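Notes for the one structure printed next.
This one's a predicted model, so the numbers in the text were calculated from it and none came from an experiment. Each residue takes its place number in the sequence, starting with 1. Values below: all heavy atoms of this structure, side chains included; hydrogens, waters and symmetry mates excluded.
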Amino acid sequence: MNEKGTALFKKRYQHVLRFQTFWIGFYVIFMPYLLPKRSPVLEMIWVFVIPFSLITYLIYEYFRLKAAKVGSLVFLIALLGMLVLVCLQILRA
């Protein structure tokens with residue numbers, strides 16, 4: 001595969017996953033105090049839409065850059081599956 005593309009993907013992968021970790025952490029720690037009464041639409045946007053778009057962006061970059069990190073792709077697909085389960089739980093409630 002492409003060595004330069006793999007290095008660039010690794011850099012973007014680390015930045016996006018770090019941002020997503022802070023995003024979810026901010027949501028868990030501060031959102032109950034900032035907005036105690038949240039609507040289901042806001043909940044879907046914060047918990048599902050934004051992380052889902054970030055992960056799909058990384059999967060797009062994986063194929064565009066022809067990265068050679070198959071483990072990263074499997075991890076991203078597993079994250080997408082978990083996000084779909086979270087979405088179904090929010091819709092069920």
Q | Selection residues 21-33 - residue pairs positive for salt bridge (charged side-chain N to carboxylate O under 4.0 Å, His left out), sequence neighbours left out | A | none
Per-pair distances, 0.1 Å, donor-acceptor, side chain in residues 68-83, under 3.5 Å, sequence neighbours excluded:
none

**Q.** Partners meeting side chain to side chain donor-acceptor pair (under 3.5 Å) with Q20 (sequence neighbours left out)
**A.**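 Once residues adjacent in sequence are excluded, Q20 has no partner under the side chain to side chain donor-acceptor pair (under 3.5 Å) criterion.
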Q) Which residues pass the side chain to side chain donor-acceptor pair (under 3.5 Å) test with Y27, sequence neighbours left out? A)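 Partners of Y27 under the side chain to side chain donor-acceptor pair (under 3.5 Å) test: E43.
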Q | Test ring-ring contact (aromatic ring centres under 6.0 Å, His included) applied to Y33 - qualifying residues, sequence neighbours left out | A |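 Result, ring-ring contact (aromatic ring centres under 6.0 Å, His included) vs Y33: none returned.
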Q: Can you sort out the partners of Y57 under ring-ring contact (aromatic ring centres under 6.0 Å, His included), two or more places apart, ordered by chain and number?
A: none
(Q) Holding to side chain to side chain contact (heavy atoms under 4.5 Å, CB included), I want the full list of residues that pass it with V41, two or more places apart in sequence or in another chain. (A)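 Per chain and number, V41 pairs via side chain to side chain contact (heavy atoms under 4.5 Å, CB included) with S39, I45.
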**Q.** Qualifying residues under side chain to side chain contact (heavy atoms under 4.5 Å, CB included), relative to F22, sequence neighbours excluded
**A.** R18
Q. Do Y60 and I50 share a hydrophobic cluster (ILVMFWY, side-chain heavy atoms under 4.5 Å, transitive)?
A.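 Different hydrophobic clusters.
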Q: Determine whether I29 and M31 fall in the same hydrophobic cluster, where Ile, Leu, Val, Met, Phe, Trp and Tyr are linked whenever their side-chain heavy atoms lie under 4.5 Å apart.
A: yes
Q: Check F52, W46, F30, F48 against W23 for a ring pair (Phe, Tyr, Trp, His ring centres under 6.0 Å) and give me the one that passes.
A: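 Of all the options given, the one that passes is W46.
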Minimal non-hydrogen separation, [X] against [Y], with atom names:
X: L58; Y: F9; answer: O-CE1, 3.3 Å
X: F26; Y: L34; answer: CZ-CD1, 3.9 Å
X: A67; Y: G5; answer: CB-O, 4.4 Å

Q.
Using the rule given for side-chain contact (heavy atoms from CB on, under 4.5 Å), can you reason through E61 versus L8, listing the C-alpha separation, both sets of side-chain angles and the distance that settles it, and then say yes or no?
A. CA-CA 9 Å; E61 287 294 312; L8 186 59; 5.8 Å; no
